[in-house]
K.L.:
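Structure incoming, see below.
Every number for a ligand or one of its atoms is a count from 1 in the order of the listing.
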Amino acid sequence: MAHARTRKQSSRKSAKAPQYVYFFANGKAEGSSAMRPLLGGKGSELAEMTNLGVPVPPGFTITTEAWAAYTSGGKKHPAGLWGQVVANLARLEAAAGRRLGDPDQPLLVSVRSGARASMPGMMDTVLNLGLNDKTVLGLARQTRNERFAWDCYRRFITIFGDVVLGIERRAFDALLDAAKARTGAKTDADVPADALKGLVTEGKRLVQEKARQAFPQDPTEQLRLAINAVFDSWWAKKAVDYRRINRLSDDWGTAVTVMAMVFGNLGDTSGTGVCFSRDPSTGEKRFFGEFLVNAQGEDVVAGIRTPEPVDGLKRRMPKVYSRLVAIKDRLERHYRDMQDIEFTVQEGRLFILQTRSGKRTAAAAVRTAVEMVKEKLINRKTALLRVEPASLNQLLHPMVDPAAKVTSIAKGLPAAPGAASGKVVFDSERAVEWAHKGEKVILVRAETSPEDVAGMHAAEGVLTSRGGLTSHAAVVARGMGKCCVVGAGDVIVDEEKRAFQAGRTLVREGQVITLNGSTGEVMVGTVPLIEPAWSNELKQLLHWADTTATTKVRANADTPKQAREAREKGARGIGLVRTEHMFFGEERIPIVREMIMARDEQARQKAVDRLLPFQREDFVGIFEAMAGLPVTIRLLDPPLHEFLPKYKDVIEDYTRLDALGINPQRHHELGELKARLEVLIEANPMLGHRGCRLGITFPEIYDMQVRAIMEAACAVARKIGVGKVEPEIMIPLTGTVAEMKLTREMTVAVAEHVVDEMGIKVPYSVGTMIEVPRAALVAGRIAEFAEFFSFGTNDLTQMTFGYSRDDIGKFLPFYLDKKLLAADPFAVLDQEGVGELVRIGIERGRKTNPKLKVGICGEHGGEPSSVEFCHQVGMTYVSCSPFMVPIARLAAAQAQLKEPRRGSGGKRHG
Ligand code: PEP
Ligand code: MG
């Protein structure tokens with residue numbers, strides 16, 4: 001039955017084909033802007049402009065539906081398509097007053113691609129279609145310009161040969177070059193008519209030879225072939241790559257617009273150009289653009305002649321200029337956005353060939369959005385949605401000057417944006433030493449470990465050959481707002497030789513390199529950089545963002561300096577203080593090692609007691625910097641062996657002393673260190689003795705940390721007021737209710753003790769990271785003992801996928817290339833899998849405790865699509881690296897505008 005019904009339906013469909021072709025001419029069009037998916041950007045806007053009365057040459061657009069039918073039908077036109085093309089061609093001929101193939105009054109057309117999203121230059125266009133051995137003569141008579149007509153024919157054979165017949169353009173260019181040499185012509189425009197005629201003959205011969213067919217003389221056949229070629233150009237490699245990079249769907253397809261040609265190359269009263277209604281690089285409200293007198297569009301693109309600024313048109317063709325200004329104002333008002341307009345002047349008559357919203361830099365996007373609100377062109381909501389959050393990166397870091405010509409020697413993952421140049425160093429000590437001397441350095445390591453933190457701090461940028469976007473180097477560099485490239489597999493680091501090899505290039509210590517942390521590129525030498533500055537417009541836009549968003553934005557910050565920086569960037573609290581980073585200070589590491597090496601509890605307690613003042617001092621600084629805002633402090637997380645020297649180095653030293661039989665004291669120490677490391681080193685440290693497992697087995701450590709936090713909180717509260725200090729003590733890596741219950745009891749016991757001791761009642765809360773999948777599943781029970789959850793999506797991603805955070809670089813590029821993964825899951829939250837655990841965790845947690853505050857502190861907290869997800873699942877806040885705070889603020893506002901929600905699930909202030 002079902003089968004019969006389908007057949008019946010399809011036979012009814014085939015009785016009447018859908019409308020595949022939409023006509024536009026003389027102020028009336030069948031399409032409009034609203035039909036962008038069907039008519040593509042170009043086709044729909046030509047229709048819209050026609051309806052607005054803007055002078056657009058007549059034409060018609062073949063729909064993306066026709067493309068879909070053609071493509072799925074094995075590159076055959078669906079029934080009805082060609083008939084509609086022919087009928088609309090007749091309408092076009094009537095509107096233009098000329099006919100395709102007419103030897104006296106020939107109509108020439110352009111055949112253009114146009115997808116719903118702009119893909120500039122990625123697909124094909126055929127110009128001057130309709131020329132053949134007869135119509136070229138008609139065109140010469142009609143325009144009284146023989147040279148012009150033969151030039152058009154030559155250009156047509158070239159473009160048709162290239163786009164439709166697949167003959168390399170180079171072969172045609174070689175013919176042109178030879179003709180120029182023969183005639184002594186400096187530019188294409190100097191080639192005389194006779195030589196152009198000769199080029200036409202040679203071009204046709206080339207077609208015969210390469211395509212084994214005569215150059216088609218029938219203009220209708222030319223048209224059919226050109227339409228198919230433009231359809232097919234959807235699958236050109238560059239177009240497919242462009243879509244992949246910009247995450248555009250392969251299924252959209254392209255529309256095809258066939259439009260009467262107008263000529264900008266008919267002499268000095270003709271010309272062609274491109275203009276913007278505002279400056280696309282700064283956003284300044286000024287008419288901006290370029291034009292060329294006596295030229296066709298492709299001359300502007302090809303850069304054969306240098307165009308003049310559009311202002312020059314005022315002098316040359318004042319009437320055309322004022323008409324153009326009026327039209328660009330009209331179009332900008334109509335679309336309420338900055339327009340990028342293509343125009344042609346044919347013998348003093350202006351035609352608009354295309355308008356679209358102009359591509360712009362982030363600075364221009366921010367400025368135009370804010371100014372257009374002030375001009376009452378758009379509202380705040382539109383302004384907030386107009387700026388791509390990730391693009392703000394461009395404004396917040398020194399960037400490689402986009403105008404600079406650079407050659408990269410290697411490419412890794414873009415871990416922390418911006419750019420940095422400096423001398424290569426291969427270890428942390430040297431980085432510090434050279435930086436002290438005032439040198440700019442780039443730390444290059446196979447991978448970094450906590451021991452490298454000082455070196456990273458001293459360096460301008462960090463390059464590693466291993467590791468993914470949440471590897472140690474990436475996380476720490478982002479926290480520091482430092483340019484960083486990780487996992488550059490082509491970089492082979494030889495620490496002994498103090499050099500690295502990248503392909504054929506050998507870079508030695510002391511040589512200067514530049515990193516582009518926004519693209520992952522590594523370059524030799526210095527490259528021009530441009531400095532960022534926060535404009536008033538950016539401040540304004542982000543202020544609107546804050547008043548719109550319901551999901552708050554906090555920062556991950558480990559030091560008072562970072563906390564202040566985060567606050568300056570608009571963070572509304574700290575979502576994660578990683579206390580382990582505080583253990584790495586120069587004076588502290590010996591004490592930490594003493595703590596780890598302690599033989600008994602008493603000795604350990606002694607070391608721990610010495611650490612307390614350091615910790616307290618850090619917390620005082622952070623609480624002061626964040627006065628009035630919440631601060632989440634996580635108790636120690638990483639395994640202890642990370643604080644000891646590398647096993648390999650210890651063994652080396654130990655064996656050397658052993659062989660030499662010298663320095664017995666040091667030999668003994670190294671022996672002990674070696675023995676301790678052998679106990680501590682784990683096969684799988686990420687799944688080993690870390691997080692709360694550590695705090696539970698060595699309670700002195702957590703007790704000391706809680707004491708330091710509470711003593712600092714009480715001291716600061718005494719100074720600036722009780723309500724202004726809001727510590728949130730966070731347990732890492734909780735997986736079971738028993739762990740949560742126990743660590744909470746431990747925490748509360750110490751905290752209450754301190755409050756009593758200090759005699760000042762500072763409110764505090766206790767919560768947990770949710771970063772072990774099991775914790776998300778038993779969140780309902782865990783919430784009995786937690787006032788807040790913070791999703792640690794770095795570990796949660798690692799443990800849900802089973803991908804090591806540090807080793808994903810080995811297979812990620814392949815997975816992305818083969819589309820086995822849509823994106824790096826450590827950069828963009830996997831909403832389907834990891835996100836499901838987040839959803840479950842929140843739902844179950846809030847069922848137990850409806851007031852549960854929920855946030856995220858994994859690296860995803862600043863990534864726009866992940867922020868949107870966090871908003872949708874009802875998080876109270878997102879927390880990210882300080883430099884990402886502005887991006888997250890805008891992303892949170894956009895999330896609210898796209899899916900409004902009332903307040904947040906937990907306490908409102910987040
Ligand atoms: C996490 O796992 O997401 C997290 C924030 O903790 P860390 O990166 O320190 O493991
Ligand atoms: Mg973690």
K.L.:
Considering the Mg ion (ligand 2), could you give the total of protein N/O/S atoms lying closer than 2.8 Å?
P.N.:
2

K.L.:
Considering non-hydrogen atoms only, spot the tightest contact between Val867 and Ala888 and give its length.
P.N.:
CG1-O, 4.1 Å

K.L.:
Examine the proximity of ligand 1 to Arg634 and report which part, side chain or backbone, both or neither, has a heavy atom under 4.0 Å away.
P.N.:
side chain

K.L.:
Can any side-chain N or O of Gln705 pair as donor or acceptor with the backbone N or O of Leu636 at less than 3.5 Å?
P.N.:
yes

K.L.:
Scan side-chain atoms only and decide if Ser866 and Glu868 contain a donor-acceptor pair under the 3.5 Å cut-off.
P.N.:
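No, Glu868 and Ser866 have no side-chain donor paired with an acceptor closer than 3.5 Å.
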
K.L.:
Distance under 4.0 Å to a non-hydrogen atom of Leu576: what atoms of ligand 1 satisfy this?
P.N.:
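Answer for ligand 1: 5 (C).
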
K.L.:
State whether the side chain of Glu787 and the backbone N or O of Val766 hold a donor-acceptor pair below 3.5 Å, judged by distance alone.
P.N.:
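Checking the backbone N and O of Val766 against the side chain of Glu787, a donor-acceptor pair under 3.5 Å is found.
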
K.L.:
If I apply the N/O under 3.5 Å rule, does Glu580 come out as touching ligand 1?
P.N.:
no

K.L.:
With a 3.5 Å distance limit and no angle check, can you tell me whether Lys482 reaches the backbone of His457 through a side-chain donor-acceptor pair?
P.N.:
yes

K.L.:
Near Gly792, which atoms of ligand 1 are under 4.0 Å from a heavy atom of that residue?
P.N.:
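Every atom of ligand 1 under 4.0 Å from some heavy atom of Gly792: 1 (C), 2 (O), 3 (O).
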
K.L.:
Should you measure from each heavy atom of Arg805, which atoms of ligand 1 turn up under 4.0 Å away?
P.N.:
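The atoms of ligand 1 under 4.0 Å from a heavy atom of Arg805 are 2 (O), 7 (P), 8 (O), 10 (O).
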
K.L.:
Measure the distances from the heavy atoms of Gln798 to every atom of ligand 1 and state whether one is below 4.0 angstrom.
P.N.:
no

K.L.:
Taking side-chain hydrogen bond (donor to acceptor under 3.5 Å, both in side chains) as the criterion, tell me which of Gln872, Gln896, His871, Arg889 meets it with Thr551.
P.N.:
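Single pass found, and it is His871.
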
K.L.:
Between His472 and Ser449, is there a side-chain donor-acceptor contact under 3.5 Å, judged purely by atom types and distance?
P.N.:
no

K.L.:
Does the side chain of Asn556 come under 3.5 Å of the side chain of Ser879 through a donor N or O and an acceptor N or O?
P.N.:
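Yes.
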
K.L.:
Do side-chain atoms of Arg588 reach the backbone of Met582 as a donor and acceptor pair under 3.5 angstrom?
P.N.:
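It does hold such a pair.
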
K.L.:
Is the closest basic N to carboxylate O distance between Arg554 and Glu728 below 4.0 Å?
P.N.:
yes

K.L.:
Looking at non-hydrogen atoms alone, which of Arg690, His472, Arg578 comes nearest to atom 7 (P) of ligand 1?
P.N.:
Arg578

K.L.:
Looking at ligand 1, does Glu859 have a heavy atom less than 4.0 Å from it?
P.N.:
no

K.L.:
Distance under 4.0 Å to a non-hydrogen atom of Met769: what atoms of ligand 1 satisfy this?
P.N.:
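Under 4.0 Å from Met769, ligand 1 has these atoms: 4 (C), 5 (C), 6 (O).
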
K.L.:
Is it the side chain (CB and beyond), the backbone, both or neither of Met730 that lies under 4.0 Å from ligand 1, heavy atoms counted?
P.N.:
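Neither; nothing of Met730 gets under 4.0 Å from ligand 1.
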
K.L.:
For Asp452, is there an ion pair with Arg445 - N to carboxylate O distance below 4.0 angstrom?
P.N.:
yes

K.L.:
Taking only heavy atoms of Cys857, which atoms of ligand 1 are found under 4.0 Å from at least one of them?
P.N.:
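Atoms satisfying the 4.0 Å criterion: 5 (C).
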
K.L.:
Answer yes if the ring centres of Phe614 and Phe583 are under 6.0 angstrom apart, and no otherwise.
P.N.:
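Not close enough - the centres of the two rings lie 6.0 Å or further apart.
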
K.L.:
Hey, which atoms in ligand 1 end up nearer than 4.0 Å to a heavy atom of Thr793?
P.N.:
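That gives atoms 3 (O) of ligand 1.
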
